Amino acid sequence: MAQSTTERPPGTGPAEEPRGRPLARSGPGTEAGALRLLALRLHFYAGVLVGPFLVVAALSGLVYAVSPTIENVVDHHSLASASADQRVPLATQIRTATERHPDLTMSGVIPGANGANTRVLFADASLPSTSYQRVVFVDPSDGSVPDDTVQYGSTGALPLRTWIDEVHRRLHLGDAGRLYAELAASWLAPITLGGLLLWWDRSRRTRRRDEVSAPRPAASARASRGRPLLMRRHAVLGTWIALGLFVLAATGLTWSTYAGGRVSDLRKAMQWSTPALTAKPVTSATSTGADEHAGHDMTRPAGDVGAAALPDQAAPVLAAARQAGLSGPVQMTPPVAAGAPWLIKETRHSWTAGPNAVSIDPTSSAVVQRLDFATWPLAAKLTDWGIRIHMGFLFGLPNQLLLAGLAGALLVMIARGYRMWWLRRPGSRFGRPPARGALRELARRRPVATVLGGALLIAVGWAIPLLGISLLGFLLVDSLIGLVTRRTAATHSTAGG
């Protein structure tokens, strides 16, 4: 987490002096030293205080990463059909499901194929939000109903995976619980970046010292054990996983309450929103945009649009979509009004670039509108890839194992960071925490740059509100601690005099 500026880097002894030209001072008396101390202190405070939130996010994220595989095992009876043969017509499967819920409106169909059961979806106002749907599984090989349950989100998470997702996302505490995850995601990238910069600076200064003064054997031995060894392992592991942590932070923030709202506003302003098919009648079909976090499931209720005829329309519409090039698993959304088309979109699944979609006129089976993933704006593509990487769906099981390994490595990093903090505690042989005064020194030496840096931090704090608020809190607490410390020292000095 943090290291004292008085401690020498690996490879130097406590009594070493350079035998060449003198090196620049590393304390707060120089601009480089002040910047180093400021980064060190922020890294220290953020790591210690945000660490518990990161631990919870990493532990729950480790389980969340492999939850799709867990679901495939636990809910195998719901997901897998008794036989890969398609013996029961799709219309019959849909009618079997609707008989289960005659009071609900069918909102979608995911036809079963290659050994998977068909999912017939229903809009249910009794569920927590529109992201939840009633789902009836129908075995296309024999027409049986192995399960009648609830699914969540664009990947159709069943109750167990939904429960794991809720733990990771908000600890089952409702909207207030989402603040924990947003705080962790807000600080993950700054902590990682700060650690990389500190280690790069430390390595650079070590190389410079080694150029003018060969390390003593005793110093090298000390650097290979204890806190220096712990620090080096902490830094090396952090360097290896840094890119993955940046990706997790960026994708995690897209789901957050406040920073996610800023991202959505920016994407709308820049016309980077994810495009979607229109659900309007064929005569007025136009392309519209949609926010993938609010309506990317295309779960629009069919309403009273000839509901009795919908089952018979499904098979011809599906055949037309297959002929149009949609070859993977698809979700079919019924018309929302008379004359409106069916919307067919490939579901989010592994080893694909992204979902293609078409709308089909149910009366003629003609393609009304086509939306290929290749035509999406780059920002929308990156968002889709990021979401699927974060959820463990972009590359299947390898993606999930990589995420689990990343979460485990982050837990090791946090444990090592707290160990270094404990070794740095007052009274320990490794000295004191990072010194104060760096910000004052920078403001004195570079007032314009300090003001510009402060303005940049304010802008970042506006874009990522929990980062800005917590950073302000850290600075206030640190200032109060410094004030109390100075007053206590002055009192003791006066009393001693």
Side-chain angles (χ1 to χ4, degrees), residues 49-68 70-71 74-75 104 107 121-135 149-189 248-265 267-268 290-297 299-301 348 383 386-388 390-393 403 407 410-411 414 461-473:
L49 300 178
V50 181
F53 298 94
L54 289 172
V55 168
V56 175
L59 283 173
S60 60
L62 194 154
V63 181
Y64 174 77
V66 295
S67 61
I70 295 174
E71 181 181 74
V74 174
D75 294 308
L104 299 181
S107 59
L121 312 175
F122 298 89
D124 190 344
S126 67
L127 298 177
S129 72
T130 55
S131 295
Y132 291 85
Q133 299 174 86
R134 180 69 54 184
V135 55
T149 183
V150 173
Q151 74 172 38
Y152 171 80
S154 61
T155 60
L158 297 182
L160 175 61
R161 183 153 62 94
T162 300
W163 187 89
I164 296 172
D165 174 74
E166 284 291 307
V167 171
H168 181 60
R169 212 153 49 99
R170 47 191 171 191
L171 300 176
H172 287 277
L173 297 177
D175 290 338
R178 297 180 66 178
L179 297 179
Y180 112 85
E182 183 166 357
L183 181 65
S186 297
W187 274 102
L188 183 56
L248 286 181
T251 54
L253 284 175
T254 62
W255 278 296
S256 64
T257 302
Y258 299 106
R262 299 277 197 266
V263 172
S264 296
D265 292 342
R267 293 181 60 203
K268 290 177 182 177
D291 180 2
E292 74 279 354
H293 295 301
H296 51 90
D297 296 309
T299 52
R300 307 175 180 86
R348 278 181 171 153
T383 299
I387 289 173
R388 285 194 286 155
H390 196 111
M391 299 178 73
F393 277 94
L403 287 174
L410 179 57
L411 289 170
I414 296 170
W462 176 86
I464 311 176
L466 288 193
L467 174 64
I469 294 171
S470 56
L471 176 58
L472 180 60

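Because the structure is predicted, anything quoted here is derived from the model rather than measured.
Ring-plane geometry between H390 and W255 is classed as perpendicular, the angle between the planes exceeding 60 degrees on a 0 to 90 degree scale with a lower cut at 30.
What you find for G61 and A407 is that their closest heavy atoms are C-CB, 4.5 Å. Across I414 and L54, no two heavy atoms sit closer than the pair CD1-CB, 3.6 Å. Closest of all the heavy-atom pairs between R170 and D175 is NH1-OD1, 3.3 Å. Scanning both residues, H168 and Y64, for their nearest heavy atoms gives CD2-CD2, 4.0 Å. Among all heavy-atom pairs drawn from R262 and P465, the shortest one is NH2-CG, 4.1 Å. Taking every heavy atom of both residues into account, A123 and S107 meet most closely at N-OG, 3.6 Å.
In this structure the side chain of R161 reaches within 4.5 angstrom of the side chain of T155, judged on heavy atoms. The shortest side-chain heavy-atom distance between T251 and I387 does not fall under the 4.5 Å cut-off. Annotation: side chain of Y180 is in contact with side chain of S60 (closest heavy-atom distance under 4.5 Å). Considering only heavy atoms from C-beta on, T149 comes within 4.5 Å of P159 through its side chain.
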Check your understanding: Given V50 and S470, is the side chain to side chain contact (heavy atoms under 4.5 Å, CB included) satisfied, shown in steps?
Key -> CA-CA 9 Å; V50 181; S470 56; 5.8 Å; no
Exercise for review: Might you work through the side chain to side chain contact (heavy atoms under 4.5 Å, CB included) test for R134 and V150, ending with a clear yes or no?
Suggested key: CA-CA 5 Å; R134 180 69 54 184; V150 173; 3.6 Å; yes
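The CG atom of L158 sits 13.0 Å away from the CD1 atom of I70 when rounded to the nearest 0.5 Å. Of the inter-residue distances, the one linking L410 atom CG with L59 atom CG reads 9.5 Å to the nearest 0.5 angstrom. The structure places CH2 of W163 at 5.0 Å from NE2 of H172, a figure rounded to the nearest 0.5 Å. Atom CG of L171 is separated from atom CD of E166 by 10.0 Å, given to the nearest 0.5 angstrom. Remark: R169 CZ to T162 OG1 distance equals 9.5 Å, nearest 0.5 Å. Annotation: the span from T257 atom OG1 to L466 atom CG amounts to 8.0 Å, rounded to 0.5 Å.
At most 12 non-hydrogen atoms from other residues, nucleotides or ligands lie less than 6.0 angstrom from CZ of F53. Under a cut-off of 6.0 angstrom, the local environment of OH in Y258 is sparse, with at most 12 non-hydrogen atoms contributed by other residues, nucleotides or ligands.
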